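We're numbering straight along the sequence, starting at 1. Bear in mind the structure is a predicted one, so any value in this text is a computation, not a measurement.
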Amino acid sequence: MFNITLALSYFFSGFFMKLSDDFYDEKSNKRKSIFLGIICGLLTAFACSIDLDAACIFIAILIGNILALKVDGIHHIATMVSFIIAFLLLGLPNFTFLSVLTIIICMIGAIIDEIGNDNEKIYHKSKFLEFFFEYRFALKIVILLLVLIGWLNILSFIYFLCFEIAYDLARVLFEKYIL
């Protein structure tokens, strides 16, 4: 039951994250984007409070987005605040030196993804780079490598793929039914 709950937390976190972004960016609907962002933040905090790997991955994504200057809307602030408050209330996992290193390494992957994503200068260089950064493969590769060296659990990679699949599913559903 734990694994299903964690997988669903990742999945719906990715789903609501993308819907929040699209309602803000495409529809200029701040209320819906904030509401969906708060749901995303709560689900992410839940996953992080019950699983150290999730905490490493999602904290890295948060810090990476801040450092890449991608926190650019009120919906991002609402998501971040709801995440931080809920994470503190639910309880932090016991971080180790290895988990801090994992966060730093994942953060580098997240920053690379955010710098490359929606970057026309990079997209014009090749179709491969456009695809690579459109679907943010740097962090996926980093997480897989961390699994292969034993720093993250293989299920964490699978859960992260659930997050990514849900993110892309939300994109497709938004474009087809809401735009």
Novice: Could you go through Phe83 and Cys48, starting from their C-alpha distance and side-chain angles, then the distance that decides it, and tell me whether this counts as side chain to side chain contact (heavy atoms under 4.5 Å, CB included)?
Specialist: CA-CA 9 Å; Phe83 167 76; Cys48 291; 3.7 Å; yes

Novice: Quick one: are Phe23 and Ser28 in side-chain contact, heavy atoms under 4.5 Å?
Specialist: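 Not in contact.
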
Novice: For Phe174, does the CZ atom sit with more than 12 other heavy atoms under 6.0 Å from it, leaving out its own atoms?
Specialist: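 Count over threshold, so yes.
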
Novice: Are the side chains of Tyr167 and Asp21 in contact, using a 4.5 Å heavy-atom criterion?
Specialist: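 Heavy-atom side-chain distance check passes, below 4.5 Å.
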
Novice: Asn3 and Tyr159: side-chain donor and acceptor closer than 3.5 Å?
Specialist: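 There is such a pair (donor and acceptor under 3.5 Å, judged by atom type) between the side chains of Asn3 and Tyr159.
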
Novice: Would you please classify the geometry between the Phe128 ring and the Phe132 ring as parallel, tilted or perpendicular, with 30° and 60° separating the classes?
Specialist: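 Aromatic pair Phe132/Phe128 classed tilted.
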
Novice: Just how far is it from atom CD1 of Ile84 to atom CG of Leu89, taken to the nearest 0.5 Å?
Specialist: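 The CD1 atom of Ile84 sits 12.0 Å away from the CG atom of Leu89.
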
Novice: Might you point out which heavy atoms bring Ala170 and Lys18 nearest each other, and give the distance in Å?
Specialist: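 Closest heavy-atom pair between Ala170 and Lys18: CB-CB, 3.7 Å.
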
Novice: Show your reasoning for whether side chain to side chain contact (heavy atoms under 4.5 Å, CB included) applies to Phe35 and His75.
Specialist: CA-CA 8 Å; Phe35 176 74; His75 65 301; over 6 Å; no

Novice: Less than 4.5 Å apart, any side-chain heavy atom of Leu92 and any of Ser49?
Specialist: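 In short, these two side chains do not touch, never coming nearer than 4.5 Å.
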
Novice: After noting the C-alpha distance and the side-chain angles of Phe87 and Ile59, does the key distance pass the side chain to side chain contact (heavy atoms under 4.5 Å, CB included) rule?
Specialist: CA-CA 11 Å; Phe87 192 31; Ile59 289 170; 3.8 Å; yes

Novice: With side chains defined as the heavy atoms from C-beta onward, is the minimum distance between Ile66 and Leu62 less than 4.5 Å?
Specialist: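 They are in contact (side-chain heavy atoms under 4.5 Å apart), so the answer is yes.
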
Novice: Which atom pair, heavy atoms only, marks the closest approach of Ala138 to Gly109?
Specialist: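 Where Ala138 meets Gly109 most closely, the heavy atoms are CB-O, 3.6 Å.
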
Novice: If you count the non-hydrogen atoms of other residues, nucleotides and ligands that lie under 6.0 Å from NZ in Lys32, is the total more than 12?
Specialist: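 Check fails, neighbour count at 12 or below.
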
Novice: Going from CG on Leu146 to CD1 on Ile154, what distance comes out if it is rounded to the nearest 0.5 angstrom?
Specialist: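 Answer rounded to 0.5 Å: 11.5 Å.
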
Novice: If Ile, Leu, Val, Met, Phe, Trp and Tyr residues are connected whenever their side-chain heavy atoms lie under 4.5 Å apart, and connections chain through other members, are Ile105 and Phe58 in the same group?
Specialist: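 Per the 4.5 Å side-chain linkage, Ile105 and Phe58 are co-clustered.
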
Novice: Rounded to the nearest 0.5 Å, what's the gap from CZ on Phe157 to CG on Leu152? Could you check?
Specialist: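 Here the rounded value is 10.5 Å.
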
Novice: Mind checking whether Val142 and Leu155 sit in one hydrophobic cluster, side chains of I, L, V, M, F, W, Y counted as touching below 4.5 Å?
Specialist: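 Hydrophobic grouping puts Val142 with Leu155.
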
Novice: Would you mind reporting whether Glu114 and Arg136 have side-chain heavy atoms less than 4.5 Å apart?
Specialist: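 Yes; the side chains approach each other to less than 4.5 Å.
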
Novice: If I take atom CG from residue Leu42 and atom CZ from residue Phe12, how far apart are they, to the nearest 0.5 angstrom?
Specialist: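 Separation between the atoms: 14.5 Å.
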
Novice: Set out, in order, the CA-CA distance, both residues' side-chain angles and the distance that settles side chain to side chain contact (heavy atoms under 4.5 Å, CB included) for Phe95 and Ile103, then state yes or no.
Specialist: CA-CA 10 Å; Phe95 290 103; Ile103 290 170; 3.9 Å; yes

Novice: Atom CD1 of Ile158 and atom CG of Leu6: how far apart are they, to the nearest 0.5 Å?
Specialist: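 Between Ile158 CD1 and Leu6 CG, I get 11.5 Å after rounding to 0.5 Å.
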
Novice: Inspect the contact between Asp168 and Arg171 and indicate whether a charged nitrogen and a carboxylate oxygen are less than 4.0 angstrom apart.
Specialist: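 Salt bridge: yes.
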
Novice: Closest heavy-atom contact between Ala54 and Ala47?
Specialist: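 Result for this residue pair: CB-O, 3.6 Å.
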
Novice: Is NZ or CZ of Lys140 both nearer than 6.0 Å to the six-membered ring centre of Phe137 and within 45° of the ring axis?
Specialist: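 The answer is yes, since Lys140 meets both limits relative to Phe137.
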
Novice: Would a single hydrophobic cluster contain both Tyr135 and Leu169, if residues Ile, Leu, Val, Met, Phe, Trp and Tyr are joined by side-chain heavy-atom contacts under 4.5 Å?
Specialist: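 Different hydrophobic clusters.
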
Novice: If you group Ile, Leu, Val, Met, Phe, Trp and Tyr by side-chain heavy-atom gaps below 4.5 Å, do Leu69 and Ile77 land in one group?
Specialist: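 Cluster IDs for Leu69 and Ile77 differ.
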
Novice: Is the CZ atom of Phe97 crowded by more than 12 outside heavy atoms at less than 6.0 Å?
Specialist: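 No, because the 6.0 Å sphere around CZ of Phe97 holds 12 heavy atoms or fewer from other groups.
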
Novice: Determine whether more than 12 heavy atoms belonging to other residues, nucleotides or ligands lie under 6.0 Å from atom CD1 of Ile149.
Specialist: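 Yes, CD1 of Ile149 has more than 12 neighbouring heavy atoms, counting only those of other groups under 6.0 Å.
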
Novice: Using a 3.5 Å distance criterion without hydrogens, assess whether the side chain of Ser20 forms a donor-acceptor pair with backbone atoms of Ser33.
Specialist: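 Judged by distance alone, yes, a pair lies under 3.5 Å.
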
Novice: Does the Asn117 side chain pair with the main chain of Asp113, one donor and one acceptor, at a distance under 3.5 Å?
Specialist: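 Answer holds: no.
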
Novice: If you compare all heavy atoms of Ser9 against all heavy atoms of Phe46, which two are closest, and at what distance to 0.1 Å?
Specialist: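 That would be OG-CD2, 3.2 Å.
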
Novice: Would you say that Tyr10 contacts Ile57 through its side chain, given a criterion of any heavy-atom pair below 4.5 Å between the two side chains?
Specialist: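 The answer is yes; the side chains approach within 4.5 Å.
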
Novice: Looking just at side-chain N and O atoms, do Thr44 and Ser13 make a donor-acceptor pair shorter than 3.5 Å?
Specialist: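 On atom types as modelled, these side chains qualify, holding a pair under 3.5 Å.
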
Novice: Kindly indicate whether the side chain of Asp51, heavy atoms from C-beta on, has any atom under 4.5 Å from the side chain of Pro93.
Specialist: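 A side-chain contact is absent here, since even the closest heavy-atom pair is not under 4.5 Å.
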
Novice: What are the two closest non-hydrogen atoms of Thr102 and Trp151, and how far apart are they?
Specialist: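 Distance-wise, the nearest heavy atoms are OG1-CE3, 3.6 Å.
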
Novice: Can you label the angle between the Phe160 ring and the Phe163 ring as parallel, tilted or perpendicular, going by 30° and 60°?
Specialist: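 Because their plane-to-plane angle is under 30°, the rings of Phe160 and Phe163 count as parallel.
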
Novice: If you round to the nearest 0.5 Å, how far is NZ of Lys27 from CG of Leu19?
Specialist: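 Rounded to the nearest 0.5 Å, the CG-NZ separation comes to 12.5 Å.
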
Novice: Quick check on the hydrophobic clustering: are Leu173 and Ile165 connected, directly or via other members, by side-chain heavy-atom contacts under 4.5 Å?
Specialist: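 The answer is no; the residues belong to distinct hydrophobic clusters.
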
Novice: Any side-chain to backbone donor/acceptor pair from Asp53 onto Asn153? Under 3.5 Å, distance only.
Specialist: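 Flag set: sc Asp53 to bb Asn153 pair under 3.5 Å.
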
Novice: Quick one: are Met17 and Thr79 in side-chain contact, heavy atoms under 4.5 Å?
Specialist: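 No, every pair of side-chain atoms sits at 4.5 Å or beyond.
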
Novice: Check for a donor-acceptor pair, side chain of Asn119 on one end and backbone N or O of Ile115 on the other, with a separation under 3.5 Å.
Specialist: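 Checked: pair present.
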
Novice: Indicate the atoms forming the closest heavy-atom contact of Phe11 with Ala166, along with that distance.
Specialist: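 Residues Phe11 and Ala166, closest heavy atoms: O-CB, 2.9 Å.
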
